[in-house]
Amino acid sequence: MKHLRQFIYRNLVRRPVRSIALILLAAVLSMSICAGTCVVQSLENGFAAMRNRMGADIMVVPYAALSRKNFDNEILLGNTGNFYMPKENTEKISGMEGVQNLSTQYYLTSVQTDVCDTPVHLIAYDPETDFTVAPWILQTDGSPIDPYDVVIGSSVRAEVGDVLTFFGTDVTVAAKLDRSDTDYDCTVFADMETILALADASGDETLLSYSQADDGGMVSTILVDVADGYDIESVKNDINIHIKKIRALQTKNVLSGVSSGMSGVSGTAKILMSAVWIIAMGVMAAAFIMMTGERKREFAVLRVLGASRKKLTAVVLGEGVTLSGVGAAGGAAIGLAVIFVCSGWMEKQLNLPFLLPGAGSIVLDVILAFCVSTLTGAAAASLAAHRISRQDTGTIIRSEE
Amino acid sequence: MEVRGQQIRKEYYRSGTGSNIFTAVEECDFLVPSGKLTVIHGRSGSGKSTILNMLAGILKPTGGSVFYDDTDLYSMRDEELARFRNLHIGYVPQGRSAVPSLNVLENVALPYALYEEDGEEAAAEMMERFGIADLSEVMPDRLSGGELRRMAIARALVRRPEVIFADEPTGDLDDENTVAVFGALRELAAAGAAVLVVTHEEDAFEYADHIYAMNAGKLE
């Protein structure tokens with residue numbers, strides 16, 4: 001043994017129970033910071049993506065749709081439903097003051113296929129007037145969306161130019177959307193002509209009845225973009241007053257429900273992380289102080305043999321940083337694995353948009369978790385180091401063990 | 001190198017007593033000459049370990065100074081004093097003093113390791129001298145009291161210090177080991193080291209050049 005760091009290493013290796021206990025503590029702290037930060041960021045990303053995805057200022061739905069449980073969350077997360085209203089409402093709304101753009105969507109059905117892990121939602125939209133789908137196109141061959149062309153969500157296992165078959169009818173993938181981590185990732189958008197053809201081909205009487213109603217003159221949602229200078233709330237109220245059996249919703253208000261849910265979850269995650277940090281700091285400090293207390297005679301012997309206070313501090317800090325560093329690295333790795341493995345489950349449990357941050361952010365989260373946990377261990381050890389370096393060597397060395 | 005304590009005294013603050021001040025060692029002068037073995041004896045609690053610790057640089061006196069030749073020990077900064085102890089002072093503490101996470105060889109070589117120096121050869125040599133060479137890889141919790149004591153002595157002497165302090169060095173040794181330890185300390189003194197032994201055993205007297213008695217903090 002030629003180096004002080006070997007002395008530190010031997011102290012740690014030859015006291016395995018104590019070392020493992022402190023490593024686990026640092027790992028729990030690191031894991032909670034890494035996973036917690038990722039969860040909070042994922043919720044914020046998901047919310048931002050959802051807000052951008054909405055695109056419209058006002059969403060008009062049949063009044064009956066509001067009776068669905070968790071309507072706000074479900075509609076925002078891309079869950080479809082069979083609710084319909086006459087398309088003539090579109091013309092009425094388009095003539096109202098303040099309405100700048102307007103587009104409709106028609107939810108046909110969801111089908112279980114082998115191109116996506118969850119049922120694929122078939123939605124008709126109007127490529128001519130659309131202003132909510134097109135901005136999220138990631139890949140396209142550049143050609144316009146014609147009949148029997150589809151725009152697919154990011155989780156649909158197909159690429160631009162591929163042919164997909166629904167109810168025996170072939171459609172061509174004309175564009176693919178960016179990832180949203182909502183049900184929109186397993187959605188197929190097509191024009192009304194294509195969706196009605198699919199309904200016909202399905203042979204399903206229920207779907208036929210939907211599609212044949214008023215010869216496709218039904219829509220599920222009307223998305224409204226309000227012109228600059230107009231009050232969105234006023235336009236929404238106008239729509240609600242003048243059109244029956246519908247409900248116009250200001251997307252900001254719809255989002256606010258999700259936002260408050262997200263704030264609650266984020267806040268809880270932050271409180272939990274803070275609590276874990278405070279507890280870990282306290283337990284680590286107590287553990288290091290107890291540990292050095294038990295070893296005060298050993299440290300007194302080191303002093304007698306020629307160790308300065310600085311060297312004693314280096315030993316205690318070295319042990320603290322090594323243990324918390326190992327724990328922090330392991331904990332961050334476990335936290336990361338938990339996030340990747342459980343993100344789908346968490347999204348379902350939270351019923352909130354959940355979009356994992358990019359690789360760069362995740363690396364920063366890991367570094368943050370590692371640094372905070374390691375520094376917490378170092379801070380806890382420094383308290384113990386301060387105490388041990390101030391002890392009266394002469395008194396301790398002559399006291400009985 | 002000789003050690004001189006000039007007007008050294010040690011007092012402790014103690015709450016709950018009449019004067020609040022407890023005098024462990026009354027003011028005294030003390031000399032540990034080089035090439036001699038000096039013994040302080042006295043009852044437990046008489047202050048003999050306190051005076052030894054003050055002279056060894058690990059317990060700052062309340063008053064007075066300690067000189068190693070012309071060097072004022074307590075005028076040094078902590079790092080200087082620590083290095084000085086490491087290079088010039090060998091100290092055998094009372095009781096068990098092994099570092100439990102290190103084996104015998106690592107314990108004996110520890111004074112070198114503290115300053116990133118390779119002391120294994122010197123440690124092996126010193127272990128040979130004290131008959132513990134075959135215990136190199138053994139952990140301290142496997143050693144007998146006598147073996148632990150010999151290990152502590154080997155460690156104190158591994159740097160071949162000029163000044164040696166031993167606090168009850170034969171406290172838990174049998175007669176054979178006691179003779180061996182005092183014989184070794186006597187040899188070191190004969191080789192020029194200043195040796196100070198604190199003990200309550202009168203067996204030490206036959207090896208001593210100077211004998212002091214401590215009684216209730218007073219040096220006699």
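Naming convention: chains lettered A, B, ... in sequence-line order (proteins, then strands); numbering from 1 in each chain.
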Minimum heavy-atom separation for B/Asn86 to A/Gly306, with atom names?
-> CB-CA, 3.8 Å
When heavy-atom pairs shorter than 4.5 Å are enumerated against chain A, which of B/Arg155, B/Glu80, B/Arg83 gives the highest number?
-> B/Arg155
Considering residues, nucleotides and ligands other than A/Tyr9, do more than 12 of their heavy atoms fall under 6.0 Å from its OH?
-> no
Assert top hit (heavy-atom pairs under 4.5 Å, partner chain B, pool A/Lys310, A/Arg303, A/Glu298, A/Arg15) equals A/Arg303
Inter-chain contacts: residues 26-37 of chain A against chain B, heavy atoms under 4.5 Å = none
Is it the side chain or the backbone of B/Met54 that comes within 4.5 Å of chain A heavy atoms, both, or neither?
-> neither
Test item: B/Leu110 and A/Leu302 side chains (from C-beta on) under 4.5 Å apart, heavy atoms = yes
Separation between CG (A/Leu305) and CD1 (B/Ile58), nearest 0.5 Å, reads 10.0 Å
In Å, rounded to the nearest 0.5 Å, how long is the span from OG1 of A/Thr393 to CG of B/Asn53?
-> 9.0 Å
Correct closest heavy-atom pair for B/Leu102 and A/Arg14 would be CA-NH1, 3.5 Å
Kindly say whether B/Asn103 contributes a backbone atom to a donor-acceptor pair with the side chain of A/Arg10 at under 3.5 angstrom?
-> no
Identify which part of A/Leu12 has an atom lying under 4.5 Å from any heavy atom of chain B, answering side chain, backbone, both or neither.
-> neither
Is the closest side-chain donor-acceptor distance between A/Asn11 and B/Ser101 under 3.5 Å?
-> yes
What residues, two or more places apart in sequence or in another chain, satisfy salt bridge (charged side-chain N to carboxylate O under 4.0 Å, His left out) together with B/Arg85?
-> none
What distance separates B/Glu106 CD from A/Gln6 CD, expressed to the nearest 0.5 Å?
-> 8.5 Å
Side chain, backbone, both or neither: which part of A/Val301 has a heavy atom under 4.5 Å from chain B?
-> side chain
Atom CD of B/Glu128: over 12 foreign heavy atoms under 6.0 Å = no
